[in-house]
Novice: 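Before anything else, here's the structure in question.
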Amino acid sequence: MLHIHNETILDYLCLPYRRADVERLYDFLLRNDTFRFSCLESGLFPASSSANNDDASGYQNAWVRDNVHIAHAHFFWGDRVTAANTTLSLMHFFQSQRFRMEQVIKNPCVAADPMKRPHVRFDALKIKEITQKWPHAQNDAIGYFIWLFSKMGKEGVIEIKETEIQTLVDVVRYLNAIEYWQDQDSGHWEEVRKVSASSIGTVVAGLHEFYDLCRLHNFFDRSFFRAFSINKNYLTCLIKKGEESLHTILPHECLGPDSATRRRYDAALLFLVYPLNIVASPMASIIVSDVSTVLKGTIGIRRYLGDSYWCADYRSLFSPGDRTDDLNEKIKSRDTYLTPGEEAQWCIFDPIISCCYGMRVLTGGKNEDRLLQAHYLNRSLGQLTKGTNNVMALQCPEAYFLDHGSYEPNDHVPLQWAQANLRMAMHWLELTANP
């Protein structure tokens, strides 16, 4: 059964879609501002376009992870200018983080303090650090950055300056210094530190793109590379360590010694399938199947089983400032409020699964793949908001949570990452729809 929150979308849903159906649906969503993005003069996207400058949620700030996904999505559907601006703004920020990388390279023990690692959440307007304590040990965010910048460089979307190449070299040296293939980080969900496949895989994807960029532009011959012995063999070995670790962990997310660090199912693994494309079939099929069978809810998809973030009655349980605070230190107490099966159901995953099936269709997939591509897009469209005094209609929430017995959008509407994923799934449908 398909759950539809805004019934005005019903007249536009199809199974399967033809090209004219896609155009009609896309026009309807454009007219209702579903794909209206809020990009700041800095070139960056705040997590939510509805957050005020002093919002207690912190969603007015920029997350590296979100901005990479949003920038890549814009590139994918043809907006190279926006993709370039966001990519260069992220580089501007990471250039300010070189001193942190250098400190860790000199003494890897420094990385034990997340605040002394390169920051991955920062002021979106000023492109500067935020002093608030935060779990910045997020290797996936570092991997996403080098993946995006290298890809945009390969595609000719940006022109790469010498200082930018030096920053990328520092990123690579930093990843080697922390031994990313066995480093405990807070990962996609910024929680308990553990060795996570989704973080390792993201770094591996980034290093592959960087390697290809260096070969394309003969960067290995540059003096800055030679000064630190960064050559083909260095990168190949660094990539191999990550791939070997992935082979050991997948299809699990993590294989730690206790319940907090051992997890079989995690929706973050989807990103290794798309857009990173770093796992091949049959592992890609296993990951998509795991998420769509074990983590899928009636409305959206759980991040993982036992996730207490936005658990039932979250608004009543936590003040606005506590809802998105440094979750790493508070997760144990927060977990006590969760009833299994009442995890929040997120809106960023269904469109990614739709994209995964879209890729299969383009590579000679079966008719079933075409139907599943449309099904998961329709689930995403069903998540669009009804509209209230505080929330516009047909917007993409971050997640739905149980609020006094019924599923409602959480505080972060629209979430720009969710918008980007839905728009990207729509573009995949444009590519695969029959005439």
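Atom set for the values below is all heavy atoms of this structure, side chains included, hydrogens, waters and symmetry mates excluded. Bear in mind that the values here come from a model prediction, so they are computed numbers and not experimental data.
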Novice: Does CD belonging to Glu159 count more than 12 external heavy atoms closer than 6.0 Å?
Specialist: no
Novice: Looking only at the side chains, is there a donor atom on one of Tyr59 and Asp66 sitting less than 3.5 Å from an acceptor on the other?
Specialist: no
Novice: If only side-chain N and O atoms count, and only distance matters, is there a donor-acceptor pair under 3.5 Å linking Tyr407 with His5?
Specialist: no
Novice: For Gln182, does the CD atom have more than 12 heavy-atom neighbours from other residues, nucleotides or ligands under 6.0 Å away?
Specialist: yes
Novice: For Lys154, look at atom NZ and say whether over 12 heavy atoms of other residues, nucleotides or ligands are found less than 6.0 Å away.
Specialist: yes
Novice: Checking Ile178 against Arg117 for the side chain to side chain contact (heavy atoms under 4.5 Å, CB included) test, could you report, in this order, the C-alpha distance in whole Å, the side-chain angles of both residues, the deciding distance, and whether it holds?
Specialist: CA-CA 10 Å; Ile178 63 171; Arg117 293 193 180 210; 4.0 Å; yes
Novice: Are Arg423 and Asp79 within salt-bridge range, i.e. N to O under 4.0 Å?
Specialist: no
Novice: Would the distance check show the side chain of Ser292 and the main-chain N or O of Ser289 forming a donor-acceptor pair, the cut-off being under 3.5 Å?
Specialist: yes
Novice: Examine Arg334 relative to Tyr309 and say whether NZ or CZ is less than 6.0 Å from the centre of the six-membered ring and inside a 45° cone about the ring axis.
Specialist: no
Novice: Assess, by modelled atom type and distance only, whether the side chains of Trp189 and Asp307 contain a donor and an acceptor separated by less than 3.5 Å.
Specialist: no
Novice: Could you pull out the closest heavy-atom pair between Phe122 and Asn61, with the gap in Å?
Specialist: O-CB, 3.4 Å
Novice: What is the ring orientation for Phe28 with Tyr12, classed by angle as parallel under 30°, tilted 30 to 60°, or perpendicular over 60°?
Specialist: parallel
Novice: Counting only heavy atoms not in Arg264 (residues, nucleotides, ligands), do more than 12 fall under 6.0 Å from its CZ?
Specialist: yes
Novice: Ignoring hydrogens and geometry beyond distance, is a side-chain donor-acceptor pair present between Arg121 and Gln138 at under 3.5 Å?
Specialist: no
Novice: So, Gln97 and Glu129: side-chain donor and acceptor under 3.5 Å apart, yes or no?
Specialist: yes
Novice: Give every donor-acceptor pair under 3.5 Å between a side-chain atom in residues 280-288 and any protein atom, sequence neighbours left out.
Specialist:
unit_1: Ser285; atom_1: OG; unit_2: Arg360; atom_2: NH2; d: 3.3

Novice: What distance do Ser48 atom OG and Glu398 atom CD have between them, rounded to the nearest 0.5 Å?
Specialist: 8.5 Å
Novice: Less than 4.0 angstrom from a charged side-chain N to a carboxylate O is my criterion; do Arg173 and Asp170 meet it?
Specialist: yes
Novice: How long is the span from the CD1 atom in Ile146 to the CG atom in Leu168, to the nearest 0.5 Å?
Specialist: 5.0 Å
Novice: Can you tell me if Tyr304 and His188 form a side-chain donor-acceptor pair at under 3.5 Å?
Specialist: no
Novice: Would you please say whether a donor-acceptor pair under 3.5 Å links the side chains of Thr261 and Asp258?
Specialist: yes
Novice: Step by step, work out the side chain to side chain contact (heavy atoms under 4.5 Å, CB included) result for Trp77 and Met426.
Specialist: CA-CA 9 Å; Trp77 65 64; Met426 284 286 300; over 6 Å; no
Novice: Return yes if a side-chain donor-acceptor contact under 3.5 Å exists between Gln95 and His92, otherwise no.
Specialist: no
Novice: Verify the distance criterion only: is there a donor paired with an acceptor across the side chains of Gln60 and Asp55 at less than 3.5 Å?
Specialist: no
Novice: Could you walk me through whether Leu13 and Leu381 pass the side chain to side chain contact (heavy atoms under 4.5 Å, CB included) check?
Specialist: CA-CA 8 Å; Leu13 301 186; Leu381 295 167; 3.5 Å; yes
Novice: Quick one: do the Ser196 and Ser198 side chains pair a donor with an acceptor below 3.5 Å?
Specialist: no
Novice: Search all heavy atoms of Leu15 against all heavy atoms of Ala374 and return the closest pair with its distance.
Specialist: CD1-CB, 3.5 Å
Novice: Quick one: do Arg315 and Asp411 make a salt bridge, cutoff under 4.0 Å?
Specialist: yes
